[in-house]
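Counting starts at 1 for both ligands and their atoms, following the listed order. FYI, the numbering just counts along the sequence from 1.
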Amino acid sequence: MKILMISPEIAPYSKTGGLGDAVAAMAKYMAAHGNEVRVFTPAYGSVRRDETWHRYEEPVRVELGYGMHSDCAVWETNFCGATVSFVEYNYFFGGNEIYSSRPDDAHRFAFFGKAAIDYCEQINWIPDIVHCHDWTTGLVPALLNTRDNWRRIARAGIIFTIHNLQHQGYAPKSVLEYLGLPWGLFTADNYESLGGVCMMKGALYHATKITTVSPTYSYEIQSSEQGFGLDHVLRHRAGDLTGIINGIDYGEWSPRTDKLIPANFVPENFTGKDICKAELQRESRLAVRRDIPVFGVVSRLAEQKGLDLFAAALPNLLDRAEMQVVLLGSGNPALESTFRRLAARYPAKLAVSIGYNNRLAHMIEAGSDFFVMPSRFEPCGLNQMYSMTYGTPPIVRTTGGLVDTVTAWDPATPGAGTGISFHDADVGAMTWAIERALKLYFDYSDDYYKVRMNGMNRDFSWDRSVEEYERVYREAMEARKGMFPPPPPPEIKSVKKKSGAPAAAEKPSAKAAAKPQKSAKGAATKKSATR
Ligand code: ADP
Ligand code: GLC
């Protein structure tokens, strides 16, 4: 299959969290399965260019609303068998940030989505599947169903993947006019929400198939508790919604080969892991003690991750338990300073690094004895899979992908389990979970060994998930078959007009065939004037 992925992040070029990792690995493994994959993504100022990049020789013309257009450049490179196409348009993407607090952030990404469509058409690369990732790509399905529905790319099956339903992309309604989308989309059962445009909501109505990143999350988001106001839409589309768990990219995250840790290791021999632990303790200025468990955290410091519960539980635990904590994260300023204050109060037990540091993230996965991930909700979560792979049992809340990937240890069933699970999102339950981990470490050492082994021997490879995506792709292509009339014939420029009968050159051109779009645009302008 020819697959176009549209994503605001792809690691290692751009990443704020798991989305960048997931898209990169998905593209790589899809390509390894014999698919032709192109990932369209912005060339932010922070993306490191190199000599493998080639610029598409012509300017890429992006058709916008009001008959306007903008030219941009597209650079391409090969990434593990997939092509990555970077759109360069400095007015929107010249800065270093991926998501910005600019008032025109939605317009930035609206432009990006339209550029993806127009670029594929311009280079005559017509995919079977257009796979959109998260809210930034939310207007693409509507473009393919309305304004651009006469183009060949519109025959592709449209997949929309929810990586995180909390971030939906609220935009001023002018974003529809900006792309020349019809005003008919501005209704409550489409893109309208609270007087503005909700990019994710409309995408859920327009996509041929919807996926999210774990089976449990696919059910949770259909409930009012976890639906973030879109549960009714997801219930409406339930028949087209599938939860497919992310895998991990063992090329990047494997204790056998990881180049970012001081020693490699395998399940049969933990000598390397002991070295990683000692080095992590040394780097974190904690006592180098093999007999004290290290609890690691690598996370965005956002409400989603529940680390405020961990912060609240820590003083009581650190006052009485033999334990060390190494935390790496950034995000919510209040939570950052809470952790800084705690680190100042417990310098011998708690090391806190505020910021983003990929090497330290690998060190923490490898050198810790437990990994703490008390998420309030977690669509999939990659860190718990990384930690199991590195022999570091995770401590997780029973939510979303954490349910689907971690099996709870229970002293009643010795030798089973891959981590510690707890249910309630409160400080009492968080404390209970850490105490349970301490018990496993100090009192059940045989079981601790087995739990680590069980985790390391789990298979989190992408292969199975790629097959599931391919199945959804095929269903989407089937569902989309025959949806739209055949594209108009190409313009024949060489035929000269004779007097009398119209010449072949006057056959409707591609642009003329876009009539519905034009009238929609006209209607849009009229309507907006009266709004
Ligand atoms: P989410 O995408 O919700 O943040 P995931 O568990 O899916 O959660 O993915 C998080 C990814 O981001 C992991 O690869 C993790 O190592 C990385 N990460 C998060 N915070 C940091 C940080 N401060 N420094 C380095 N890597 C980080
Ligand atoms: C989002 C989710 C996370 C998931 C990641 C990749 O960032 O918060 O749970 O693992 O996307 O799909």
Side-chain angles (χ1 to χ4, degrees), residues 5 7-12 14-27 98-99 131-136 160-168 200 211-218 220-221 226 228 243-253 258 260-261 296-307 326-332 335-336 339 351-366 368 371-390 392 394 396-397 399-406 460 462 465 469:
M5 299 223 192
S7 171
E9 298 183 32
I10 175 168
S14 50
K15 166 175 166 177
T16 61
L19 172 63
D21 283 358
V23 169
M26 210 185 278
I98 296 180
Y99 310 100
H131 188 161
C132 303
H133 293 274
D134 261 358
W135 73 266
T136 58
F160 186 82
T161 295
I162 303 165
H163 291 265
N164 193 330
L165 192 63
Q166 185 176 34
H167 306 290
Q168 300 177 358
M200 187 173 285
T211 69
T212 186
V213 287
S214 70
T216 297
Y217 192 62
S218 76
E220 288 173 347
I221 54 180
Q226 299 225 39
F228 286 101
I244 303 176
I245 198 85
N246 288 327
I248 68 177
D249 181 354
Y250 287 109
E252 296 291 323
W253 294 92
D258 194 331
L260 299 175
I261 57 177
V297 179
V298 181
S299 186
R300 291 186 290 120
L301 298 180
E303 202 217 355
Q304 173 192 345
K305 300 295 176 180
L307 287 162
V326 180
L327 177 139
L328 166 66
S330 65
N332 179 323
L335 199 51
E336 286 181 359
F339 278 114
V352 169
S353 300
I354 300 298
Y356 187 90
N357 183 336
N358 188 41
R359 191 195 61 83
L360 183 55
H362 282 246
M363 283 290 291
I364 292 176
E365 297 286 6
S368 304
F371 190 87
V372 184
M373 204 163 166
S375 307
R376 288 200 164 76
F377 69 91
E378 197 60 76
C380 176
L382 298 173
N383 274 315
Q384 80 283 8
M385 292 192 268
Y386 298 153
S387 73
M388 284 184 270
T389 305
Y390 283 77
T392 306
V396 300
R397 254 203 81 230
T399 182
L402 302 176
V403 172
D404 298 329
T405 53
V406 180
F460 297 115
W462 265 98
S465 302
Y469 275 108

For atom 16 (O) of ligand 1, the closest protein heavy atom turns out to be Asn383 OD1, 3.4 Å
Once ring pair (Phe, Tyr, Trp, His ring centres under 6.0 Å) is applied, do any residues pair with His167, and if so which ones, sequence neighbours excluded? none
Val406 and Pro394: which non-hydrogen atoms are nearest, and at how many Å? CG2-CG, 3.9 Å
Met373 to Gln384 - nearest heavy-atom pair and separation: CE-OE1, 3.4 Å
Please examine the side chains of Pro8 and Leu19, heavy atoms only from C-beta on, and report whether any two atoms are closer than 4.5 Å. yes
Give a yes or no answer on whether the side chain of Trp462 reaches the backbone of Gly247 with a donor-acceptor pair at less than 3.5 Å. yes
Who are the side chain to side chain donor-acceptor pair (under 3.5 Å) partners of Glu365, not counting sequence neighbours? none
Taking only residues two or more places apart in sequence, or in another chain, which ones meet Tyr469 in a ring pair (Phe, Tyr, Trp, His ring centres under 6.0 Å)? His131
Do ligand 1 and Asn357 have nitrogen or oxygen atoms that lie under 3.5 Å from each other? yes
Closest non-hydrogen atoms of Pro215 and Ser218, given as atom of the first, atom of the second and distance, are O-OG, 2.6 Å
the protein heavy atom lying closest to atom 20 (N) of ligand 1 turns out to be Ser299 C, 3.5 Å
Value for OG1 (Thr161) from CG (Asp134), rounded to nearest 0.5 Å, stands at 8.5 Å
Using a 4.0 angstrom limit on heavy atoms, which residues are close to ligand 2? Gly18, Leu19, Ala22, His163, Asn164, Val213, Asn246, Arg300, Gln304, Glu378, Pro379, Cys380, Gly381, Leu382
Fit a plane to each ring of His362 and Tyr390, take the angle between them on a 0 to 90° scale, and name the class: parallel (under 30°), tilted (30 to 60°) or perpendicular (over 60°). perpendicular
Using a 3.5 Å distance criterion without hydrogens, assess whether the side chain of Arg300 forms a donor-acceptor pair with backbone atoms of Lys305. no
Return the closest protein heavy atom for atom 6 (O) of ligand 1 as residue, atom name and distance. Leu382 N, 2.9 Å
How far is atom 18 (N) of ligand 1 from its nearest protein heavy atom, and which residue and atom name does that atom have? Val298 CG1, 3.9 Å
Arg300 to ligand 1: N or O pair under 3.5 Å? yes
Quick check against the 3.5 Å criterion: does Ser387 have a side-chain atom that pairs as donor or acceptor with the backbone of Thr392? yes
Has Gln168 got a side-chain atom pairing as donor or acceptor with Phe228's backbone, closer than 3.5 angstrom? yes
So for ligand 1, is Gly18 a polar contact partner (N or O within less than 3.5 Å, distance only)? yes
Can you tell me the protein heavy atom closest to atom 23 (N) of ligand 1 and the distance? Gly355 O, 2.8 Å
Which ligand 1 atoms does Gly381 reach within 4.0 Å, using its non-hydrogen atoms? 6 (O), 7 (O)
Residue, atom name and distance, where the atom is the protein heavy atom closest to atom 14 (O) of ligand 1: Asp21 OD2, 2.8 Å
Note the single closest protein heavy atom to atom 27 (C) of ligand 1, along with its residue, its atom name and the distance in Å. Tyr356 CE1, 3.5 Å
With a 4.0 Å cut-off on heavy atoms, is Gly329 in contact with ligand 1? yes
Do Lys15 and ligand 1 have an N or O pair less than 3.5 Å apart? yes
Just let me know how Lys305 lines up against ligand 1, side chain, backbone, both or neither, with a heavy-atom cut-off below 4.0 Å. side chain
